[in-house]
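Single-structure report; data block below.
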Amino acid sequence: MSKLKSETKNGKMQEVTEATISESSTLYSEDLAPIPASKRTWTTWNYAALWISMSLCIPTYMMASSLIQGGMNWWQAIFTIFLGNTIVLIPMVLNGRAGAKYGIPFPVLVRSSFGTRGANVPALLRAIVACGWFGIQTWIGGFSIYQMLRLWIPSLETLPPVFPASFGLQTGPAICFFLFWLLNMYVVYLGVDSIRKLLVFKAFFLPIAAIALLWWAISAGNGLGPILEQPAKFSDSAAFFAFFFPALTGMVGFWATLSLNIPDFTRYATSQQAQVRGQVIGLPTSMTLFSFIGVVVTSATTIIYGTTIWDPLVLAGKFESKLLVSIAMIAVAISTLATNIAANIVSPANDFANLAPAKIDFRKGGYITGVIGILIFPWKLIADPTGFIFTWLVGYSSLLGPVGGIMIADYFFLRKQKLVLNDLYSTIGMYSYKNGFNSAAIIALLAGIIPNIPGFLTTIQVIPADSVPIWISNLYNYAWFVGFFVSGLVYMGLMNSRSSISNFQQSAVTLAD
């Protein structure tokens, strides 16, 4: 029988059997079970490779190019991306520590702060965001198919409109989007194992395609010199910072989801050093390098075409060779399919399944993810860089930042990095709180979200910009930071104000013994 570990009051580790957990709680499953030390095989280079693979995707390119489209020059864009990824690396490494120490995934770790039932709240917030990314990636894959088919079937561009003008959706792209969506759902039906070979294809294709695109930009743009000499478009420093701070928040928000559920990966780490070094090596460097390609190519389009093209699929559609465009678009569609299933289906499908295990299996959870991915109107989110950064990246960071603040406050400042493993899987243990919910975490979560709501509503133009004080609406520009610190501080205050907090800590010692 494999052995697990839990804390004793002396800080030493005592062994706990898997059977003890599985037989005493309905919260246990094979997917959520702690990974024993004997099965933790991920080294530093496994984590570095993971981040390189996840960073090499179309949204990373679009994120970088959107900064150029928004008015930054090349070094301002690169600095913003590097700084944002360095900042998000901090909660990424911190939240990864519990996974590496106890071998537990995100849904189990978050039980310590939100409660055994309350953990579904942050899990669903993360799932909804993953649904949005699923929709965006599906739109990218579908649009790549459209860019190919319109070359061979020109009538696809002139099909009569079917959807209301408010949808902002042309018929041709809509058909291709729906077909690609069906393909994703078919892969869900077949199971995740069917996507492994496509992930290998992506790992080889995208780096080659990125280098080829960089070579084209330098050649067609008459070298790097003219490209890097493109000036910023801001009239003064005030205009720059008005764009810089929400853009920085968006860069942090780009990986805000992974900064929460990173324990899903670090639970396989051979050591804490492996997950820390791997992430430090892999995340900021790969994001910055791949973003540099996006920045250079986007800057080159201004020289070559006289207008800035931030969408790589639109750019590829301008190439003259039908065969070249077709090969490129098919490859993008395949690699996007692989990324979408691996990164944006598995996690939310499991989260939805966790709500009602007897009624919702992985397949049904995947279908729910697919439907929500359509309803979020992903084509509008990436129709322009303003929507991509200010509405999508900054918007969902206002939901996930507070969760990160609560998790770190709980694990590092209240629990002192000590958890009682058995109780994380028990409906009557110390993490069950009241009816499975920790009210302090729920209140703190709302406290971190509420300050950002007025700014979000003015950004999406639901309410007039002058209907709230400017300083309140401007908080939205720092959404992730506001939510992270407000929720973390409120949570600590509420937990420390409870006279029973000392009993919680004492119980941890007693139960561990």
Side-chain angles (χ1 to χ4, degrees), residues 59-88 136 227-256 284 287-288 290-303 307-312 314 380-401 451-466 468-484:
T60 299
Y61 177 105
M62 297 177 75
M63 178 185 68
S65 59
S66 67
L67 298 182
I68 298 297
Q69 175 74 3
M72 287 185 171
N73 60 27
W74 76 272
W75 69 263
Q76 291 170 342
I78 292 300
F79 172 75
T80 304
I81 292 167
F82 176 78
L83 181 60
N85 281 278
T86 300
I87 292 173
V88 80
I136 289 175
I227 295 174
L228 300 184
E229 289 173 2
Q230 292 294 305
K233 301 173 185 177
F234 303 109
S235 57
D236 52 35
S237 59
F240 167 76
F241 284 112
F243 182 81
F244 168 76
F245 286 112
L248 178 64
T249 304
M251 299 309 105
V252 175
F254 191 82
W255 290 120
M287 285 294 294
T288 303
F290 190 58
S291 296
F292 176 75
I293 295 175
V295 166
V296 169
V297 175
T298 304
S299 298
T301 61
T302 306
I303 298 174
T307 184
T308 304
I309 302 174
W310 80 293
D311 188 336
V314 174
K380 284 196 170 186
L381 293 179
I382 60 172
D384 63 83
T386 300
F388 185 56
I389 294 178
F390 291 87
T391 302
W392 174 239
L393 294 178
V394 178
Y396 79 67
S397 78
S398 67
L399 300 176
L400 302 187
N452 293 311
I453 292 178
F456 176 73
L457 295 178
T458 58
T459 298
I460 63 175
Q461 300 180 349
V462 170
I463 61 175
D466 58 359
V468 294
I470 188 67
W471 70 271
I472 292 180
S473 61
N474 279 346
L475 289 176
Y476 179 70
N477 293 336
Y478 314 90
W480 184 89
F481 299 95
V482 171
F484 183 90

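Remember, it's a predicted structure, so these values are computed and weren't measured experimentally.
A side-chain donor-acceptor contact under 3.5 Å links Trp74 to the backbone of Leu228. With hydrogens and angles ignored, the 3.5 Å screen pairs no side-chain donor or acceptor of Asn477 with any backbone N or O of Phe245. Looking only at distances, a side-chain donor or acceptor of Tyr396 sits under 3.5 Å from a matching main-chain atom of Phe254. Thr458 places no side-chain N or O within donor-acceptor distance of the main-chain N or O of Ala465, the cut-off being under 3.5 Å. One N or O on the side chain of Thr301 and one on the backbone of Ile309 form a donor-acceptor pair closer than 3.5 Å. The main-chain N or O of Thr391 is never found under 3.5 Å from a side-chain atom of Thr459 such that the two would form a donor-acceptor pair.
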(message) Under the criterion side-chain contact (heavy atoms from CB on, under 4.5 Å), I'd like the reasoning laid out for Ile303 against Gln230: C-alpha separation, chi angles, the key distance, then a yes or no.
(response) CA-CA 9 Å; Ile303 298 174; Gln230 292 294 305; 3.4 Å; yes
(request) With side-chain contact (heavy atoms from CB on, under 4.5 Å) as the test, would you mind laying out the steps for Val462 and Phe456 before giving the verdict? (result) CA-CA 9 Å; Val462 170; Phe456 176 73; over 6 Å; no
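For the side-chain contact (heavy atoms from CB on, under 4.5 Å) with Met251, the lone residue among Thr80, Thr86, Ile87, Val88 that qualifies is Thr80.
Considering CD1 of Ile227 and OG1 of Thr298, their distance stands at 10.5 Å, rounded to 0.5 Å. Expressed to the nearest 0.5 Å, how far CZ of Phe234 lies from CG of Asn73 amounts to 8.5 Å. For the atom pair Met63 CE and Phe290 CZ, the distance stands at 10.0 Å (nearest 0.5 Å). If you take CG on Leu393 and CG on Leu381, they are separated by 9.5 Å, rounding to the nearest 0.5 Å. The structure places CG of Asp311 at 11.5 Å from CG of Asp384, a figure rounded to the nearest 0.5 Å.
Ring pair Phe244/Phe79 is parallel by interplanar angle, where below 30° counts as parallel and above 60° as perpendicular.
Nearest heavy atoms, Ile382 versus Trp310: O-CZ2, 3.2 Å. A pairwise comparison of heavy atoms in Met287 and Ile81 identifies O-CG2, 4.2 Å as the closest pair. Across Ile389 and Pro246, no two heavy atoms sit closer than the pair CG2-O, 4.0 Å. In plain terms, the two heavy atoms of Leu400 and Ala256 that are nearest each other are CD1-C, 3.9 Å. Of all heavy-atom pairs spanning Pro454 and Ile463, the tightest one is O-CD1, 4.1 Å. Residues Thr249 and Ser397 approach most closely at CG2-OG, 3.7 Å, considering heavy atoms.
Contact of the Ser291 side chain with the Thr60 side chain is registered, since non-hydrogen atoms from C-beta on lie closer than 4.5 Å. At a threshold of 4.5 Å between non-hydrogen side-chain atoms, the residues Leu67 and Phe243 count as touching. Considering only heavy atoms from C-beta on, Met62 stays 4.5 Å or farther from Ile136 through its side chain. When side chains are defined from C-beta on, Leu248 counts as touching Leu83, because their heavy atoms get closer than 4.5 Å. No side-chain heavy atom of Trp75 sits less than 4.5 Å from a side-chain heavy atom of Val295.
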